[in-house]
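Note that the structure is predicted; figures quoted are calculated from it, not measured. All chains are named by letter (A, B, ...) in the order of the sequence lines, taking the proteins before the strands, and each is independently numbered beginning at 1.
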Amino acid sequence: MSKEWPLWEIFIRGQHGLNHRHVGSLHAPDAELAIKHARDVYTRRNEGVSIWAVRSSDIVASAPSDKGPLFEPSNSKVYRHPTFYDIPDDVGHM
Amino acid sequence: MTPLFQLCLRMGDSALILGHRVSEWCGHAPILEEDIAMANTALDLIGQTQMWLGLAAEVEGQGRTADDLAYRRDAAEFCNLLLVERPNGDFGATLMRQFLFDAWHHEMLKALAASSDDRVVAIAQKAVREVAYHLERSADLVIRLGDGTDQSHRRMQKALDGHWTWAAEAFVADDTDAAIVQAGLMPDPASLRPAFDATVNEVLEAATLTRPDNDFAHQGGKSGRHTEHLGHILATMQFLPRAYPDAEW
């Protein structure tokens with residue numbers, strides 16, 4: 001068994017009610033200490049109001065080698081962008 | 001020296017010396033995450049020192065600053081608890097010292113929220129939130145290491161046995177404490193003992209550690225009679241401002 005503590009991915013919700021954002025990773029022996037370490041490592045400058053910690057090994061990621069089939073088909077589909085509408089002036093910023 | 005000045009020195013000096021001791025770990029802790037956590041604790045304590053010694057300097061009214069009090073006094077003028085000047089030892093000894101201090105500190109700050117002086121109340125209310133986290137963290141780690149491997153258990157028991165008789169000083173009032181209590185500035189130190197005992201007993205039981213059967217209390221730190229360790233701490237901590245009195249940062 002490895003003596004190294006497992007790796008955790010840390011997500012912090014900022015002050016303004018935004019989504020949790022990935023801020024980095026750290027080592028911790030279990031979930032409880034992962035939260036404590038995240039508090040000490042990533043919220044020292046008043047960055048957060050909520051912390052999520054996820055075991056890095058539990059993250060399911062797309063394979064870089066699948067980049068072509070996964071993403072290239074959407075390159076040529078400009079009609080998927082809502083850019084063909086005239087927005088009335090009084091709608092303002094959208 | 002007024003009771004308020006004395007109270008500020010006693011609170012400020014314990015925070016300063018422990019803050020310095022914990023800062024000695026910076027760059028040396030077992031892993032990066034604990035290194036940062038230790039530095040955070042040290043900085044919290046130094047921040048509290050600035051408030052206590054700042055108020056001490058203000059009520060003294062002799063033109064001294066918090067920095068003067070921290071860097072221009074000798075060991076016999078320091079009023080910190082003896083516990084906080086004890087050497088760091090291994091990581092377990094540092095954590096046990098922190099836990100015993102936090103368990104007292106948290107009760108003391110909660111009680112100081114009822115002080116007769118509004119400035120003391122303000123400092124206590126700000127510090128108690130930081131110290132609540134210090135206690136949560138140190139208690140958690142004492143439990144994990146006490147109830148950990150054979151080696152970590154043995155080291156934590158040794159740390160507890162070593163620190164125990166130095167932790168009781170906080171609860172024994174001397175004449176200066178009596179005057180501070182008389183002024184309504186703080187509670188009777190002995191009145192904090194039951195809550196301290198409850199916290200310590202609960203954590204030690206969960207940590208499978210044995211509370212030492214010894215009520216002896218080393219005393220003297222609060223009135224300036226220190227162990228040989230404080231002089232070494234001050235030699236390091238005060239070197240720069242004493243060697244370069246005009247230095248600014």
Side-chain angles (χ1 to χ4, degrees), chain A residues 1-68 70-71, chain B residues 18-19 22-23 25-48 91-92 94-95 98-99 102 106 126-153 155-156 202-203 206-207:
Chain A
M1 191 183 119
S2 168
K3 292 176 94 170
E4 187 86 354
W5 287 347
L7 196 64
W8 299 75
E9 300 302 323
I10 304 302
F11 301 80
I12 305 274
R13 185 203 291 278
Q15 299 290 350
H16 307 297
L18 303 173
N19 296 332
H20 285 77
R21 290 188 58 177
H22 185 237
V23 294
S25 54
L26 49 72
H27 290 95
D30 61 27
E32 192 189 345
L33 263 183
I35 295 287
K36 281 202 170 77
H37 284 162
R39 179 264 190 199
D40 278 320
V41 175
Y42 291 114
T43 68
R44 303 177 74 228
R45 297 177 185 86
N46 201 28
E47 291 96 334
V49 295
S50 169
I51 300 170
W52 286 352
V54 182
R55 282 279 289 262
S56 304
S57 58
D58 290 339
I59 300 264
V60 180
S62 61
S65 56
D66 289 344
K67 202 172 67 175
L70 278 178
F71 304 121
Chain B
L18 185 59
V22 176
S23 79
W25 276 100
C26 196
H28 299 278
I31 59 159
L32 174 82
E33 289 80 356
E34 290 297 339
D35 200 279
I36 294 173
M38 299 276 266
N40 288 348
T41 302
L43 286 169
D44 285 347
L45 290 168
I46 301 296
Q48 292 171 22
F91 192 64
T94 290
L95 283 173
Q98 187 74 40
F99 168 65
D102 292 342
H106 191 231
K126 181 163 192 300
V128 76
R129 284 193 286 269
E130 296 171 343
V131 171
Y133 183 76
H134 297 174
L135 177 59
E136 184 186 321
R137 177 173 176 277
S138 62
D140 184 41
L141 291 172
V142 164
I143 292 170
R144 284 165 180 273
L145 291 170
D147 188 21
T149 65
D150 287 346
Q151 180 176 189
S152 72
H153 176 87
R155 288 193 186 207
M156 293 312 279
E202 185 189 332
V203 169

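Residue pairs that meet the side chain to side chain donor-acceptor pair (under 3.5 Å) test with at least one member in residues 22-31 of chain A, sequence neighbours left out, are A:E9-A:H22, A:D30-B:R144.
Of all residues in residues 36-45 of chain B, those placing a non-hydrogen atom less than 4.5 angstrom from a non-hydrogen atom of chain A are B:I36, B:A37, B:N40, B:L43.
Closest approach of B:H134 and B:D102 over heavy atoms only: O-OD2, 3.1 Å.
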Practice task
Take A:K36 and B:Y133, measure what side chain to side chain contact (heavy atoms under 4.5 Å, CB included) needs, and give me the verdict at the end.
Solution key: CA-CA 10 Å; A:K36 281 202 170 77; B:Y133 183 76; 3.7 Å; yes
Exercise for the section: Step by step, work out the side chain to side chain contact (heavy atoms under 4.5 Å, CB included) result for B:C26 and B:D35. Expected result: CA-CA 6 Å; B:C26 196; B:D35 200 279; 4.3 Å; yes
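The pair B:R137-B:E34 meets the salt-bridge criterion, since a charged nitrogen lies less than 4.0 angstrom from a carboxylate oxygen.
Annotation: B:E202, atom CD; neighbour count of heavy atoms from other residues, nucleotides and ligands within 6.0 Å does not exceed 12.
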